Enquirer: 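Shown below is the structure under consideration.
Just so we're on the same page: letters track the sequence lines, and every chain starts at 1. Heavy-atom basis, side chains included; hydrogens, waters and symmetry copies ignored. Given the structure is predicted, the values throughout are model-derived calculations rather than measurements.
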Amino acid sequence: MESSLSQHGSKLVRRRTGPGRRRWLWLAAAPLLLFLVLPLLALLLRLEWAGFAANARSLVVVQALALSITTSLLATALAVAFGLPLAFVLARVQFRGRIVVDTLIDLPMVLPPSVAGIALLMAFGRRGLVGAPLADLGITISFTQLAVVLAQCFVAAPYFVKAAAAGFAAVDRELEHAAALDGAGRPQVFRLITVPLAWQALFSGAVMTWARALGEFGATIIFAGNLPGRTQTMPLAIYLGFERDLDVALTLAVILLAISFGVLALVKGLLKQRVGVA
Amino acid sequence: MRRTQVGLLAAILVVALNACTVGPAAPGASLTIFAAASLSDAFEEIAVAFAAANDGVTINYNFGGSQQLAAQLNEGAPADVFASANSSQMRVVLEGGRVISGTEHAFAYNRLVVVVPHDNPAKISTLHDLARPGVRLLLADRAVPVGQYSLDFLAKASVRPSFGTTYSASVLRNVVSYEDNVRAVLTKVALGEGDAGIVYTTDAALEAERIARIDIPDELNTVASYPIAPIADSANPELAQAFIDFVLAPAGQAILVKYGFIDVREAREAGFSGGGFVRMAS
């Protein structure tokens with residue numbers, strides 16, 4: 001009853017304002033939409049499609065693509081595995097300095113990636129805080145694939161943690177209490193009640209983390225360096241391609257765009273809603 | 001990278017200041033100069049001297065890899081002067097139509113040197129040691145002039161019996177990263193992340209306290225020539241030419257020498273500028 005009333009009401013409103021008002025709204029919305037889409041369109045128009053297939057099969061492209069996909073998935077897996085408990089703490093545990101911790105987790109998202117790269121080098125580099133003792137044990141991280149994964153995880157994990165924390169906070173505690181009363185232990189409640197209820201937030205957070213990891217550039221080139229086949233991910237290959245061979249750079253850029261668009265659109269379709277950072 | 005940011009900040013400040021300065025001395029006169037990263041320190045000092053001699057003209061620098069600057073220029077970036085670290089990137093801009101053929105001049109020369117961290121963790125004392133397995137070597141990417149010169153050095157050494165034909169391949173197996181900028185190579189070696197790197201002598205001069213040098217003999221080395229030219233569509237062609245003249249004049253040349261460059265006169269006397277070792281557009 002109530003819903004049919006409100007539907008009726010909204011129809012009335014629409015009729016009263018007419019299509020003219022809609023047009024003005026679109027006009028106001030269009031400039032930013034155009035601005036966001038235009039550069040991507042220019043990229044597509046500039047690409048020499050004739051050479052696309054050959055460029056897409058070139059060694060530098062294939063290596064960068066394979067490396068980007070494996071490292072970004074690994075970074076996402078790390079972010080999810082270690083992000084779940086952190087997000088749960090943020091959502092459920094009241095402690096002093098919670099705002100400070102929450103803000104610290106925001107930092108990698110807002111820092112310039114170059115700062116992230118230098119910071120990682122200072123921590124995990126061969127002369128770094130943690131890196132120096134590791135180097136004494138014969139373990140060096142900089143200029144390896146592990147460095148690529150760490151760089152991606154550093155800048156991208158906060159997206160998952162923030163989304164997961166919001167998801168956990170939104171779960172109805174009554175349901176958890178009910179399950180606990182029925183004799184479920186804490187891990188069981190978490191696994192069978194909390195995670196399934198927060199699933200959408202967890203999933204979209206993981207996708208955002210993956211997308212951010214895939215695009216990571218600044219921290220990677222500083223901390224992991226640039227070696228084709230080992231640490232040269234798609235964004236690095238695109239950057240150096242811009243200086244060396246624009247066609248290869250454009251090809252890589254279009255592939256990266258297609259992958260990102262495809263995955264994000266697919267996920268939104270699955271979730272039937274906008275994937276947000278939440 | 002820091003320099004570029006400082007430059008950018010300066011550029012923003014200059015634009016803001018110019019908007020409100022009204023003075024008799026060339027109001028709002030400013031030059032935008034695209035210069036190779038290896039020139040940054042010398043050119044910062046030249047800017048100060050040039051401004052002092054020209055009624056406080058403001059100079060906005062965009063320092064970067066020459067190939068990056070050339071790409072930006074050919075994509076239409078507004079600029080007044082281009083100073084490249086090699087003639088081939090100058091030629092790229094010539095072909096792009098942003099510089100008119102014949103207006104470019106070689107104004108400085110530079111050569112390569114191997115650098116290692118001062119504590120030399122890989123114990124590198126000769127050029128041969130670069131081929132030893134396990135050395136973490138940093139090179140500039142071959143898109144950057146110094147990266148190409150580094151490969152040239154390895155190729156030249158490989159045809160010498162004292163190094164052997166496998167020298168280049170063995171050294172290249174040790175490369176852990178091809179950096180997009182010569183200063184990145186220098187910084188990472190100075191930080192001890194790399195065991196060795198190949199940079200310009202002028203770069204090495206900047207980190208004298210944190211690195212040690214191993215010279216590359218002239219016959220294996222590439223003496224890089226730095227060409228400078230006005231941008232054809234400069235909004236301020238006279239001032240652009242005045243800057244170039246200043247760089248070529250004794251005052252400008254003295255500053256370049258101070259930062260480790262070989263000046264035009266010395267190059268001429270050594271026979272660099274007449275061809276020989278000089279890397280011309282090939």
Enquirer: Are A:Tyr239 and A:Phe217 an aromatic pair, judged by ring center distance below 6.0 Å?
Expert: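 Here the rings of A:Tyr239 and A:Phe217 have centres that are less than 6.0 Å from each other.
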Enquirer: Nearest heavy-atom pair of B:Ala224 and B:Ala85: which atoms, and what distance?
Expert: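 Taking every non-hydrogen atom into account, CB-O, 4.0 Å.
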Enquirer: I'd like to know which of B:Thr187, B:Val92, B:Val144, B:Asp119 tops the heavy-atom pair count under 4.5 Å against chain A.
Expert: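 Counting heavy-atom pairs under 4.5 Å, the top option is B:Asp119.
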Enquirer: Quick one: which of B:Gln72, B:Lys188, B:Glu179 has the most heavy-atom pairs under 4.5 Å with chain A, could you say?
Expert: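 Ranked by heavy-atom pairs under 4.5 Å with chain A, first place is B:Lys188.
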Enquirer: Going by atom types only, do A:Thr251 and A:Asp247 share a side-chain donor-acceptor pair under 3.5 Å?
Expert: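 There is no such pair between these side chains.
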Enquirer: What part of B:Leu69 lies closer than 4.5 angstrom to a heavy atom of chain A: side chain, backbone, both or neither?
Expert: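 B:Leu69 has no heavy atom closer than 4.5 Å to chain A.
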Enquirer: For residues B:Leu94 and B:Ile100, report the shortest heavy-atom separation together with the two atoms involved.
Expert: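 What the structure gives for the nearest pair is CD2-C, 3.6 Å.
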Enquirer: Indicate yes or no: does B:Asp203 engage B:Arg183 in a salt bridge with an N to O separation below 4.0 Å.
Expert: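 Yes, charged N to carboxylate O under 4.0 Å.
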Enquirer: For B:Val81 and B:Ile231, work out which heavy atoms get closest and say how close.
Expert: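 Closest approach of B:Val81 to B:Ile231: N-CG1, 3.7 Å.
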Enquirer: Counting heavy-atom pairs closer than 4.5 Å to chain B, which one of A:Thr144, A:Ile221, A:Thr231 comes out on top?
Expert: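 Most heavy-atom pairs within the cutoff with chain B belong to A:Ile221.
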Enquirer: Heavy-atom distance under 4.5 Å to chain A: side chain of B:Glu75, backbone, both or neither?
Expert: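 The side chain, not the backbone.
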Enquirer: Between B:Asp195 and chain A, which part of the residue has a heavy atom less than 4.5 Å away: side chain, backbone, both or neither?
Expert: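 Both parts, backbone and side chain.
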Enquirer: Name the region of B:Arg136, side chain, backbone, both or neither, that has any atom closer than 4.5 Å to a heavy atom of chain A.
Expert: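 Only the side chain of B:Arg136 comes within 4.5 Å of chain A.
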Enquirer: Which bit of A:Arg230 is near chain B, if near means a heavy-atom gap under 4.5 Å: side chain, backbone, both or neither?
Expert: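 For A:Arg230, the contact with chain B is made by the side chain alone.
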